Amino acid sequence: MIINTCIKDNYEKVLCQIDEAAKKSGRRAEDIVLIAVSKTVEVDRIKEITSLGVLDLGENRVQEICEKYDSFSKETRWHLIGQLQTNKVKYIIDKVTMIHSVDRIELAQEIQKRAKNTGKIMDVLVEVNVSGEETKSGIEPSKAIDFIGQLSDFPNIRVRGLMTVAPLFTDNNGTRPIFRGLKKLAVDIDNEKIHNVSMDFLSMGMSNDFTVAIEEGSNMIRVGTKLFGKR
Ligand SMILES: *Cc1c(COP(=O)(O)O)cnc(C)c1O
């Protein structure tokens, strides 16, 4: 993977690839949300991408969101994409647009409590471990419907879709079934018509696999390296 140091060039390349993959799946580039994953990237370089109109930023550490938060305008949408410890929810509840990594009821309970205190309804995605890798966080696909049923009872939480992190494969034939599996699960969940739950977003696809993810139905991709270079 060749990474240009010029963020604008990288961005244009990524946009081209999004456009191409979206067309392959009968959609338009505008239907895909690009989250620029800004973890470990310094504020000045992140501003290069926000100045191009990319307002969705992804971080996987609570502390980093808190440190960077005040340097960006209120229009910036922060996404918590990494594992979230229950005791840290309070620091980001008023800052993030979406939490992508909800995979256990204790975490949901804490989000409910803090969102209620803040007077907010928190949009979340349920993280699913489609590949079954033991090292991965996320809920088992077979448990997802029950889990989401439980989440639907929390008045200050709104489930908006699913998220997954695919294992690293050397080619797309490994990754594709993972993405296809998450899409199928989202369709199944949608068919359950659970109140307070929508499957508007499928957050899947990173630098090395976002084109395949889009071809398989992703509408929210999380791209770091291909925009900012190697971390
Ligand atoms: C770091 C990270 C990404 C972005 O990874 P790249 O390969 O740099 O695009 C996406 N999603 C999650 C959950 C991450 O932690």
Side-chain angles (χ1 to χ4, degrees), residues 1-7 9-18 21 32-42 45-46 48-50 52 54-68 77-85 88-89 92 96-104 107 123-139 160-172 174-176 178-179 181-182 201-231:
M1 190 168 19
I2 296 169
I3 305 292
N4 203 311
T5 49
C6 175
I7 290 173
D9 288 352
N10 292 344
Y11 174 54
E12 281 166 5
K13 237 173 256 169
V14 166
L15 276 189
C16 256
Q17 289 179 298
I18 292 174
I32 317 291
V33 179
L34 168 65
I35 298 176
V37 176
S38 50
K39 62 189 186 198
T40 76
V41 180
E42 56 275 29
R45 301 189 66 236
I46 305 171
E48 288 185 43
I49 201 92
T50 53
L52 297 169
V54 180
L55 295 180
D56 290 277
L57 299 179
E59 289 281 346
N60 63 351
R61 289 179 58 235
V62 164
Q63 196 186 334
E64 241 180 294
I65 293 184
C66 293
E67 284 167 8
K68 292 170 179 172
R77 293 179 289 269
W78 296 89
H79 297 255
L80 197 284
I81 60 173
Q83 268 195 50
L84 177 56
Q85 285 173 276
K88 294 195 173 156
V89 172
I92 47 105
V96 300
T97 297
M98 192 177 269
I99 298 173
H100 290 228
S101 49
V102 176
D103 63 354
R104 48 189 205 285
L107 177 58
D123 279 349
V124 307
L125 303 179
V126 168
E127 183 172 357
V128 183
N129 181 359
V130 184
S131 64
E133 275 184 305
E134 274 180 33
T135 52
K136 283 232 151 59
S137 48
I139 192 157
R160 302 294 307 273
L162 306 178
M163 178 270 217
T164 200
V165 178
L168 267 182
F169 284 104
T170 46
D171 74 274
N172 296 342
T175 324
R176 196 176 291 279
I178 306 287
F179 295 142
L182 194 72
F201 296 106
L202 266 192
S203 168
M204 56 184 195
M206 307 175 20
S207 287
N208 59 331
D209 56 19
F210 71 84
T211 57
V212 196
I214 292 171
E215 285 170 29
E216 294 300 331
S218 168
N219 63 0
M220 193 171 247
I221 58 172
R222 311 177 306 266
V223 180
T225 312
K226 270 209 173 162
L227 292 171
F228 297 110
K230 257 193 154 35
R231 285 183 292 274

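Ligands are counted one by one from 1 in listed order, and the atoms in each one are counted from 1 as well. Nothing here was measured: the structure is a model prediction, and the numbers come from that model.
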Quiz item: Is it true that a side-chain atom of N10 and a backbone atom of L227 form a donor plus acceptor pair closer than 3.5 Å?
Solution: yes

Exercise. Taking salt bridge (Lys or Arg N to Asp or Glu O under 4.0 Å) as the test, write out the residues that go with K68, two or more places apart.
Key: E59, E64

Practice problem: Check for a donor-acceptor pair, side chain of S218 on one end and backbone N or O of M204 on the other, with a separation under 3.5 Å. | Solution: yes

Exercise. Let me know which of D56, V96, L57, D123 forms a side chain to side chain contact (heavy atoms under 4.5 Å, CB included) with H79.
Key: D56

Practice problem: Mark yes or no for whether D103, through its side chain, and G138, through its backbone, hold a donor-acceptor pair below 3.5 Å. | Solution: yes

Quiz prompt | Test applied, side chain to side chain contact (heavy atoms under 4.5 Å, CB included); reference residue, I214; option that passes from L202, D209, I18 | solution = I18

Starting from the N and O atoms of ligand 1, find every protein N or O within less than 3.5 Å and list the pair with its distance.
from, atom 1, to, atom 2, distance (Å)
ligand 1, 8 (O), T225, N, 2.8
ligand 1, 8 (O), T225, OG1, 2.5
ligand 1, 8 (O), R231, NH1, 2.8
ligand 1, 8 (O), R231, NH2, 3.1
ligand 1, 9 (O), S207, N, 3.0
ligand 1, 9 (O), S207, OG, 2.6
ligand 1, 9 (O), G224, N, 2.8
ligand 1, 11 (N), R222, NE, 2.9
ligand 1, 15 (O), K39, NZ, 2.7

